[in-house]
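The structure appears below as structure tokens.
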Number of protein chains: 2
Amino acid sequence: MMQVAERAGVSTATVARVLKAKGYVSDEARARVEAAVKAIGYRPNAMARGLRQRRSFTIGHMLDAIIVNPFFVNVAHWAEEEALEHGYKTFLFNHNGDGERERIGIERFIERRVDAVLFTNAIATENVRLLAAAGIPALQLERSKTPAAPAIRVDNRVGALEAMRHLVEQGHRRIAFVGGDPDLIGRGATAGPTVEEDRLEAYRSGLAAAGLSPDPALMRLGRYYSLEAGGTSSEGYRHAKSLLGLEKRPTAIFATCDILAAGALQAVYEAGLRVPDDISVIGFDDTIAANLTPQLTTVAQPMEDLGRIGFRAVLAAIESGEFPELPVLPSRLVLRRSTASIAR
Amino acid sequence: MMQVAERAGVSTATVARVLKAKGYVSDEARARVEAAVKAIGYRPNAMARGLRQRRSFTIGHMLDAIIVNPFFVNVAHWAEEEALEHGYKTFLFNHNGDGERERIGIERFIERRVDAVLFTNAIATENVRLLAAAGIPALQLERSKTPAAPAIRVDNRVGALEAMRHLVEQGHRRIAFVGGDPDLIGRGATAGPTVEEDRLEAYRSGLAAAGLSPDPALMRLGRYYSLEAGGTSSEGYRHAKSLLGLEKRPTAIFATCDILAAGALQAVYEAGLRVPDDISVIGFDDTIAANLTPQLTTVAQPMEDLGRIGFRAVLAAIESGEFPELPVLPSRLVLRRSTASIAR
DNA sequence: TTGTACGCGTTATCAC
DNA sequence: GTGATAACGCGTACAA
């Protein structure tokens, strides 16, 4: 800026007035400044601005494992997209399910002076409190894992119930459940029921609505995927394979993650059965669903809304000091080609 | 820092000496500073540091379309991981194939004063030059789309030739090619042959090595995926469907992207055929390959090396002003379950 | 309509 | 061993 001012023969204040299109500047001075800006290739220094304004125009986004589940990439992408439209950039950080890593990431965020932090799956309440102590607003997306920060949650029940109703309507009675174990995944002090509990509960309700009672033999609880296995579909494969080995195998599988469902499709294929002719499969998330064979019917999460509304919410918190009313976003069933009426 | 200094009753210089573990400080002063740091919850301000040192410890990573092709996420992830180990953070930006967006992204990077920029698929040379003009080192990963910046390329030929050899060894003679069209994708002033040309050329060489000549009816050139279609596998599906409709259909399909291959698998499935029994399919990239049905044999790209070595290279450029020797990384065939010897 | 001057939080230099 | 002090580039209150 100094250099621009010198070249244009004006003060830095005048340069600032031109750049910010604010305050009175003579046409002549403006022209000289603009010419100097162009000649020098001047671009404002965001660090200097941030230092001065005590605002970095940057937010941190703490994610679970971006390379493993496209769900995180999508939410991050849309949050970034919305951020861009407001002059913001985001820093991403993957904790990979490790609380220690989460802490380190948050410390980095604080040092970088992010204006706010988004969590798409927080781990430890104590880490989240670090932000409060630093006066940085934090918001959880999709899940409310800790009472230490507000959340924009997804209503897993609506979509899951829709999925169950769909299967029942198609005549399915032996519907297997392959999902995350609430005790395994939702551990810790969570606020309210976990996502896993919601999905499992919806499965039970769906069954009950059809006059069916859950058959423990058809339920498999575990992880969505294991990071050690590179996050591939091996968990779903394993569960589905054992389900197919049952003397009375299920006619449908409700998997609570597309990656689990992908593994189930592999197991069915390997067994020489066809989806949806011999067995129907439903997933959850709508991440890789459209790329699977056959294209997977799934319960879609509102990833774009999560990201966009999430960013706007923290922006409001940054500017006004408090969060607006936070919505609970719906999930919804997306019909594709992996479900059909039961074979008779 | 001022506050820490006051509370500890020392000068800011001493605080700095303690924090940077550099210079002489009495044990007593050190203890007082450390106590003050802890009490206040002090964390250095990265913006102030950056301003002073004229170094943001931040790099920009310009990508094509992160939510569409996991390839980009992976490269970005590993670059970030390596960056982290060196005290760096990365800013991501998706140009989505749009040169105007790429320009905007680069301008944002410059304003943020990134120390360097990584391109995983640059678009316009003029945009890349913007960085040179700002004195910011830039490096291309995977592809060398412009002579305006050095590149760490991937040798697509080795892996593609391996794939062709594999198919031929399994007895395949009618091998279809479904890939990106060099004229469509590799347009512009690229340095040397494009990735698409390399893969196509390897296909031809592989055929020739087996004494076969390419059959135009078996070759489909286009895009890997269309962003409008949400980046799903519809392109591959379309191409494969038309190939299957041929009077003498291919016994194997070599697709130059896992997403194309995913579509091919869908088309084969829909036609009531089985992979690999009736037809073999090979993909490229090794992104979603392990999640497909059946698990896809594919040519893996060295995504982790691309990211890590890429970051280390720009770090060297930041610190020494020049790039080290840049390797050409190999691609390699990963055998899974979508290929088998030809049915007789 | 324009210019002067200070402070944001660091780091680095130099003097004590 | 330690403490002033300047400078990084921007924004702004105040003066002219």
Side-chain angles (χ1 to χ4, degrees), chain A residues 1-34 36-37 40-58 87 107-115 134-136 319, chain B residues 1-34 36-37 40-58 87 89 107-115 134-136 318-319:
Chain A
M1 188 149 127
M2 262 307 290
Q3 304 175 48
V4 172
E6 268 174 37
R7 191 176 227 276
V10 297
S11 71
T12 57
T14 296
V15 174
R17 280 187 269 264
V18 172
L19 293 176
K20 304 212 66 183
K22 194 177 160 186
Y24 302 97
V25 184
S26 68
D27 289 352
E28 199 221 320
R30 161 165 291 114
R32 288 220 307 280
V33 169
E34 280 164 355
V37 163
I40 302 197
Y42 168 81
R43 308 227 184 249
N45 181 325
M47 287 187 295
R49 170 182 310 178
L51 184 63
R52 172 66 227 241
Q53 306 203 148
R54 278 102 158 269
R55 188 169 166 183
S56 64
F57 290 92
T58 283
E107 286 175 355
R108 294 277 172 287
F109 283 164
I110 296 177
E111 287 170 5
R112 298 272 176 182
R113 294 297 188 268
V114 296
D115 298 333
I136 299 172
E319 289 176 340
Chain B
M1 187 148 131
M2 261 305 292
Q3 304 175 49
V4 172
E6 268 173 37
R7 192 177 226 276
V10 297
S11 71
T12 58
T14 295
V15 174
R17 279 187 269 262
V18 172
L19 294 176
K20 305 212 65 182
K22 192 178 162 185
Y24 302 97
V25 184
S26 67
D27 289 353
E28 199 221 323
R30 161 166 290 112
R32 289 218 309 280
V33 169
E34 279 165 355
V37 163
I40 301 196
Y42 167 82
R43 307 225 185 253
N45 181 327
M47 287 187 294
R49 183 199 316 248
L51 183 62
R52 175 63 228 238
Q53 304 203 148
R54 280 102 158 270
R55 187 168 168 186
S56 63
F57 290 92
T58 283
K89 280 294 289 173
E107 287 175 355
R108 295 274 172 289
F109 283 163
I110 296 177
E111 287 171 4
R112 299 274 177 181
R113 295 296 189 269
V114 297
D115 298 333
I136 299 172
I318 290 167
E319 290 176 340

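Atom CD of A/Glu111 and atom P of C/dG9 are 15 Å apart (whole Å). Atom pair A/Glu6:CD and D/dG9:C1' shows a separation of 13 Å (rounding to whole Å applied). If you measure from atom CZ of B/Arg17 to atom P of D/dA4, you get 11 Å, rounded to the nearest angstrom. A straight line from CZ of A/Arg49 to P of C/dG9 spans 18 Å, rounded to a whole angstrom. The separation between A/Arg112 atom CZ and C/dG9 atom P is 18 Å, rounded to whole Å. Counting to the nearest Å, the P atom of C/dG9 and the CD atom of B/Gln3 are 8 Å from each other. For the pair A/Arg32 CZ and C/dT1 C1', the interatomic distance rounds to 13 Å; values are reported in whole Å. Counting to the nearest Å, the P atom of C/dG9 and the CD1 atom of B/Ile40 are 12 Å from each other.
Residue contacts shown for B/Arg113 are absent, as no nucleic acid heavy atom lies under 4.0 Å away.
Separating the OG atom in A/Ser11 from the CD atom in A/Glu6 is a distance of 12.0 Å, to the nearest 0.5 Å. Summarising the geometry, atom CG belonging to B/Asp115 is positioned 12.5 Å from atom CZ belonging to B/Arg54; distances are rounded to the nearest 0.5 Å. The distance from the NZ atom of B/Lys22 to the CZ atom of B/Arg17 is 11.0 Å, given to the nearest 0.5 Å.
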- Under the side-chain contact (heavy atoms from CB on, under 4.5 Å) criterion, do A/Phe57 and B/Arg112 qualify, and how do the steps go? CA-CA 10 Å; A/Phe57 290 92; B/Arg112 299 274 177 181; 3.8 Å; yes

- Message: Run the side-chain contact (heavy atoms from CB on, under 4.5 Å) test on B/Arg49 and A/Met47 for me, step by step, so that the C-alpha distance in whole Å, both residues' side-chain angles and the decisive distance to 0.1 Å come before the verdict.
- Response: CA-CA 9 Å; B/Arg49 183 199 316 248; A/Met47 287 187 295; over 6 Å; no

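Within the structure, every side-chain polar atom (N or O) of B/Ser11 is placed at least 4.0 Å from both OP1 and OP2 of D/dT2. For the pair A/Thr14 and C/dG3, the criterion of a side-chain N or O lying under 4.0 Å from OP1 or OP2 is met.
A heavy-atom distance below 4.5 Å is found between the side chains of A/Arg108 and A/Glu111. Contact of the B/Tyr42 side chain with the B/Leu19 side chain is registered, since non-hydrogen atoms from C-beta on lie closer than 4.5 Å.
A/Val15 and A/Met1 get closest at one heavy-atom pair: CG1-CG, 3.9 Å.
Using modelled atom types, one side-chain atom of B/Arg113 and one backbone atom of B/Ile110 make a donor-acceptor pair closer than 3.5 Å.
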Tabulated below should be each protein N or O lying under 3.5 Å from an N or O of nucleotides 6-8 of chain C; please produce it.
unit_1	atom_1	unit_2	atom_2	d
C/dG7	N2	A/Arg52	NH1	3.3

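Within a heavy-atom distance below 4.0 Å of DNA chain D, no residue of residues 18-30 of chain A is found.
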